[in-house]
Amino acid sequence: NSKVIQTPRYLVKGQGQKAKMRCIPEKGHPVVFWYQQNKNNEFKFLINFQNQEVLQQIDMTEKRFSAECPSNSPCSLEIQSSEAGDSALYLCASSLAGGEEQYFGPGTRLTVL
Amino acid sequence: GDSVTQTEGLVTLTEGLPVMLNCTYQTIYSNPFLFWYVHYLNESPRLLLKSSTDNKRTEHQGFHATLHKSSSSFHLQKSSAQLSDSALYYCALSGRGSALGRLHFGAGTQLIVIP
């Protein structure tokens, strides 16, 4: 069973507000991923880290999101100015190495009113 | 680029009938890693099966799949559906050993098993 922890489970924000969510990866997993699962249940990759370094991120994440994985602290994903289209389930996953299986947390469900 | 295609968005089956969910892929990786994840409502997506070995059947919890590189396929099968199998199923791809390691997901197949 996955031991990835995500908080909060639910988040409600108004348009233009910041929305921040956190993830504690499985112990010993240096690689962390963020995905967005939209209302059609489609997964979109957002960003990934190896230890504290960003490996890859999509254009949207680069412009409107900020994310970090500091050592000895939870990873975080923050939307700087929430839009209605950001309403989705945000899933964090971790793995031992790039390309290996990923273990997912339960997600943070964001609703932007 | 890399992509995964799941042709069925919704599969509805009667309990006891066989399950087959289709998955095909395109990839730049010579040694791709294919996965099936199952996602129950309000739970974490959970790994069901994985394989990077051509033509080798992999099994777990009654489900099985065989990676066929010649046809770029990794179909999920089960001989007899159970009510508890109702969930979202995702086929996913990564490049084994890829430093980037992100998963490329298919659109998902909602499986509904009815009595």
Side-chain angles (χ1 to χ4, degrees), chain A residues 1-10 23-26 29-51 53-61 67 69 88-109, chain B residues 1-6 8-11 21 23 27-52 58 60-61 65 74 86-112:
Chain A
N1 289 333
S2 174
K3 297 178 179 62
V4 176
I5 298 170
Q6 287 190 250
T7 57
R9 290 295 303 272
Y10 300 92
C23 169
I24 300 175
E26 282 215 25
H29 283 191
V31 189
V32 175
F33 303 80
W34 287 96
Y35 296 92
Q36 180 196 66
Q37 186 187 38
N38 65 21
K39 62 181 180 181
N40 296 320
N41 295 318
E42 296 164 333
F43 276 67
K44 178 193 282 187
F45 166 80
L46 296 176
I47 189 168
N48 61 344
F49 293 83
Q50 178 143 355
N51 297 315
E53 301 297 319
V54 174
L55 292 176
Q56 190 179 25
Q57 61 183 321
I58 63 170
D59 190 51
M60 177 181 84
T61 311
C69 266
L89 182 68
Y90 289 83
L91 289 160
C92 176
S94 68
S95 69
L96 279 170
E100 300 295 325
E101 62 262 37
Q102 295 176 19
Y103 296 86
F104 285 83
T108 292
R109 185 163 296 283
Chain B
D2 301 291
S3 65
V4 176
T5 301
Q6 293 180 247
E8 310 99 350
L10 172 66
V11 172
L21 306 184
C23 172
T27 184
I28 61 170
Y29 299 112
S30 58
N31 191 22
F33 218 152
L34 271 295
F35 306 89
W36 276 100
Y37 281 85
V38 58
H39 193 188
Y40 292 95
L41 193 62
N42 295 323
E43 294 185 13
S44 308
R46 174 168 57 86
L47 180 67
L48 184 59
L49 291 171
K50 62 179 183 180
S51 181
S52 62
T58 182
H60 185 61
Q61 295 185 335
F74 191 57
S86 296
L88 264 169
Y89 290 81
Y90 291 94
C91 184
L93 160 78
S94 74
R96 189 158 205 189
S98 163
L100 300 178
R102 55 165 289 196
L103 288 173
H104 300 265
F105 283 91
T109 298
Q110 177 75 56
L111 175 65
I112 297 174

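Remember, predicted model here, so these are calculated numbers, not experimental data. Chain letters run A, B, ... following the sequence lines, proteins first, then strands; residues in each count from 1.
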- If one checks every heavy atom of B/His39 against chain A at 4.5 Å, the contacting part turns out to be side chain
- Message: Between B/Tyr37 (side chain only) and A/Phe104 (backbone N and O only), is there a donor and an acceptor less than 3.5 Å apart?
- Response: no
- Which atom of A/Tyr35 lies closest to which atom of B/Leu103, heavy atoms considered: OH-N, 2.9 Å
- Task: Pick one of side chain, backbone, both or neither for B/Leu88, based on which atoms fall under 4.5 Å of a heavy atom in chain A.
- Result: side chain
- Message: Counting heavy-atom pairs under 4.5 Å with chain B, which one of A/Glu101, A/Lys44, A/Arg9, A/Gln6 comes out on top?
- Response: A/Glu101
- How far apart are the closest heavy atoms of A/Gly105 and B/Ser44, and which atoms are they? C-OG, 3.1 Å
- Tell me, please, which residues at least two apart from B/Thr109 pass side chain to side chain donor-acceptor pair (under 3.5 Å). B/Gln6
- Looking only at heavy atoms, which two atoms of B/Phe33 and A/Glu100 are closest? And how far apart? CE1-OE1, 3.5 Å
- Task: Walk me through it: do A/Gln37 and B/Tyr90 pass the test side chain to side chain contact (heavy atoms under 4.5 Å, CB included)?
- Result: CA-CA 12 Å; A/Gln37 186 187 38; B/Tyr90 291 94; 2.8 Å; yes
- Task: To the nearest 0.5 Å, tell me how far B/Arg102 CZ sits from A/Leu46 CG.
- Result: 9.5 Å
